[in-house]
> 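Sending over a structure as structure tokens; questions will come in a sec.
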Amino acid sequence: MIQLRHISKHYPVGFGKNEILKDVDLTIFEGEFVSIMGPSGSGKSTLLHILGLLEEPSSGDYLFEGELVNKMNEKKRTQLHRGSIGFVFQAYHLIDELTVYENIETPLLYKNIPGAERKSRVADVLDRFNMVAKKDLFPNQLSGGQQQLVGIARAIVAEPRVILADEPTGNLHSDQARVIMQLFKHLNETDKITIIQVTHSEQNAAFGHRVIEIRDGKIQ
């Protein structure tokens, strides 16, 4: 489903460059649940950002279902980003001024989905996550675990093929973290969503099918 070939990423520093990723080759199969692990500064989040089209590689090829992402025009990249990829962040990234309902609805507005279908999809997700009673609350009225549930609901409402999760339980205590990880496992097994998570946690990594170790910008 996803293939990276000789992907490198560097940033200019003075007269030299800071290499973040070095010649990374990686294949992710459809329906996999993959954990990316490694020490701080090893390039995990940069790798995830490249997979999610939030950053461009400095060199190498990124193929999504056999198509070269680096050769896509802006419109096609935007369609791929909005249509096939869902994001879950450590810091939730909810919009404070919007209610739970409005936060979840946001990706559907970007995709120009008609009002009746938006309403039905948001209602389904709220029901599935047992959050109907909280739909009119604002993020600051929710616990961390509830905010992350809203973040996941927002990620899946647009029916993505892949979810990219960056330290999804980093701000949660262990009970909340377990609930979130069980939900990811369910989405992977039942909805067949491919999941790629960056994590420091061995327990979280154990929910997936395999672990990819990255050190100093290289896959081990």
> Among residues two or more places apart or on two chains, list those pairs meeting salt bridge (Lys or Arg N to Asp or Glu O under 4.0 Å) that have a residue in residues 165-187.
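Sorted pair list: Asp175-Arg178, Lys185-Glu189.
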> Do the non-hydrogen side-chain atoms of Gln182 and Phe207 ever get within less than 4.5 Å of each other?
yes
> What are the two closest heavy atoms between Pro160 and Gly86, and how far apart are they?
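Smallest heavy-atom distance, with atoms named: CB-N, 3.5 Å.
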> Would you mind writing out the side-chain donor-acceptor pairs for residues 123-137 within the sub-3.5 Å range, not counting sequence neighbours?
{"unit_1": "Arg128", "atom_1": "NH1", "unit_2": "Asp191", "atom_2": "OD2", "d": "3.0"}
{"unit_1": "Arg128", "atom_1": "NH2", "unit_2": "Asp191", "atom_2": "OD1", "d": "3.1"}
{"unit_1": "Arg128", "atom_1": "NH2", "unit_2": "Asp191", "atom_2": "OD2", "d": "3.0"}

> Taking all heavy atoms of Pro139 and all of Leu98, pick out the closest pair and write down the distance.
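The pair with the smallest heavy-atom distance is CD-O, 3.2 Å.
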> Under the side chain to side chain contact (heavy atoms under 4.5 Å, CB included) test against Val157, which residue among Asn103, Leu108, Thr106 passes?
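Per the side chain to side chain contact (heavy atoms under 4.5 Å, CB included) rule, the option paired with Val157 is Leu108, out of Asn103, Leu108, Thr106.
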> Please determine whether residues Ile28 and Val198 belong to a single hydrophobic cluster, defined as Ile, Leu, Val, Met, Phe, Trp and Tyr linked transitively by side-chain heavy-atom distances below 4.5 Å.
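They do share one cluster, since a chain of ILVMFWY contacts under 4.5 Å joins Ile28 to Val198.
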> To the closest 0.5 Å, what do you measure between CG (Leu26) and CG (Leu47)?
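That separation rounds to 6.5 Å.
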> Could you tabulate the donor-acceptor pairs under 3.5 Å formed by side-chain atoms of residues 111-119, not counting sequence neighbours?
{"unit_1": "Lys111", "atom_1": "NZ", "unit_2": "Ala158", "atom_2": "O", "d": "3.3"}
{"unit_1": "Glu117", "atom_1": "OE2", "unit_2": "Arg121", "atom_2": "NE", "d": "3.1"}
{"unit_1": "Glu117", "atom_1": "OE2", "unit_2": "Arg121", "atom_2": "NH2", "d": "2.8"}
{"unit_1": "Arg118", "atom_1": "NE", "unit_2": "Glu105", "atom_2": "OE2", "d": "2.9"}
{"unit_1": "Arg118", "atom_1": "NH1", "unit_2": "Ile113", "atom_2": "O", "d": "2.7"}

> Does Leu149 reach the side chain of Ile180, with side-chain heavy atoms less than 4.5 Å apart?
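Yes; the side chains approach each other to less than 4.5 Å.
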> Which pairs, with at least one residue in residues 208-220 and sequence neighbours excluded, count as a side-chain hydrogen bond (donor to acceptor under 3.5 Å, both in side chains)?
Glu32-Arg210
> Would you indicate whether the side-chain heavy atoms of Asp25 and Leu4 approach each other to under 4.5 Å?
no
> So, taking the atom named CG in Leu68 and the one named CZ in Arg5, what distance separates them when rounded to the nearest 0.5 Å?
6.5 Å
> Is Ser58 reaching over with its side chain to a backbone N or O of His10, donor-acceptor style, under 3.5 angstrom?
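Yes, the answer is positive, given that a donor and an acceptor are paired below the 3.5 Å cut-off.
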> List the residues meeting side chain to side chain donor-acceptor pair (under 3.5 Å) with Ser35, not counting sequence neighbours, and say none if there are none.
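Residues passing side chain to side chain donor-acceptor pair (under 3.5 Å) with Ser35: Gln197.
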> Same cluster or not: are Ile163 and Ile196 linked, directly or through other Ile, Leu, Val, Met, Phe, Trp or Tyr residues, by side-chain heavy atoms under 4.5 angstrom apart?
no
> In this structure, would Val122 and Leu94 fall into the same cluster of hydrophobic residues linked by side-chain contacts under 4.5 Å?
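Yes, same cluster.
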> Tell me whether Asn140 contacts the main-chain N or O of Asp96 through its side chain, where contact means a donor paired with an acceptor under 3.5 Å.
no
> Can you confirm whether Arg161 sits close enough to Lys192 that some side-chain heavy atom of one is under 4.5 Å from a side-chain heavy atom of the other?
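When only atoms from C-beta onward are counted, Lys192 and Arg161 do not touch, as no gap falls below 4.5 Å.
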> Which heavy atom of Ile50 sits nearest a heavy atom of Pro57, and at what distance?
CD1-CA, 4.0 Å
> So, Lys9 and Glu56, do they make that salt bridge, N to O below 4.0 Å?
no
> Does the side chain of Ile193 come within less than 4.5 Å of Phe184's, by heavy atoms?
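When only atoms from C-beta onward are counted, Ile193 and Phe184 do not touch, as no gap falls below 4.5 Å.
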> Output the distance between atom CD (Gln79) and atom CG (Asn73), rounded to the nearest 0.5 Å.
8.0 Å
> I need the minimum non-hydrogen distance between Ile214 and Lys44, along with the two atoms involved.
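Where Ile214 meets Lys44 most closely, the heavy atoms are CG2-CG, 3.4 Å.
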> Do Leu54 and Val24 sit in one hydrophobic cluster, given that two such residues count as connected whenever their side-chain heavy atoms are within less than 4.5 Å of each other, even indirectly?
yes
> Distance check, rounded to the nearest 0.5 Å: Ile7 atom CD1 versus Thr46 atom OG1?
12.5 Å
> Walk me through it: do Val162 and Ile195 pass the test side-chain contact (heavy atoms from CB on, under 4.5 Å)?
CA-CA 6 Å; Val162 182; Ile195 294 178; over 6 Å; no
> Answer yes or no: is there a side-chain heavy-atom contact under 4.5 Å between Gln203 and Met181?
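Heavy-atom side-chain distance check fails, nothing below 4.5 Å.
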> Can you run down the ring-ring contact (aromatic ring centres under 6.0 Å, His included) pairs that involve residues 47-84, sequence neighbours left out, and say none if there aren't any?
His81-Phe87
> Hey, what do you get for CD1 (Ile36) to NE2 (His200), rounding to the nearest 0.5 Å?
12.5 Å
> Return yes if some donor-acceptor pair links the side-chain N/O of Gln148 with the main-chain N/O of Gly145 below 3.5 Å, else return no.
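No; zero donor-acceptor contacts below 3.5 Å.
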> Does Glu97 reach the side chain of Glu102, with side-chain heavy atoms less than 4.5 Å apart?
no
> Kindly say whether Pro39 contributes a backbone atom to a donor-acceptor pair with the side chain of Ser42 at under 3.5 angstrom?
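Yes, because the side chain of Ser42 sits within donor-acceptor range (under 3.5 Å) of the backbone of Pro39.
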> Kindly say whether Thr194 contributes a backbone atom to a donor-acceptor pair with the side chain of Asn188 at under 3.5 angstrom?
no
> Can you tell me how far the CD atom of Gln147 sits from the CD atom of Gln141, to the nearest 0.5 Å?
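Taking CD in Gln147 and CD in Gln141, the distance rounds to 10.5 Å.
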> Is there a side-chain contact (heavy atoms from CB on, under 4.5 Å) between Val69 and Leu80? Walk through the geometry before answering.
CA-CA 9 Å; Val69 174; Leu80 177 63; 4.1 Å; yes
> Are Phe89 and Leu164 linked, directly or through other ILVMFWY residues, by side chains that come within less than 4.5 angstrom of each other?
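Cluster IDs for Phe89 and Leu164 match.
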> Taking C-beta and beyond as the side chain, do His6 and Ser59 meet within less than 4.5 Å on heavy atoms?
no
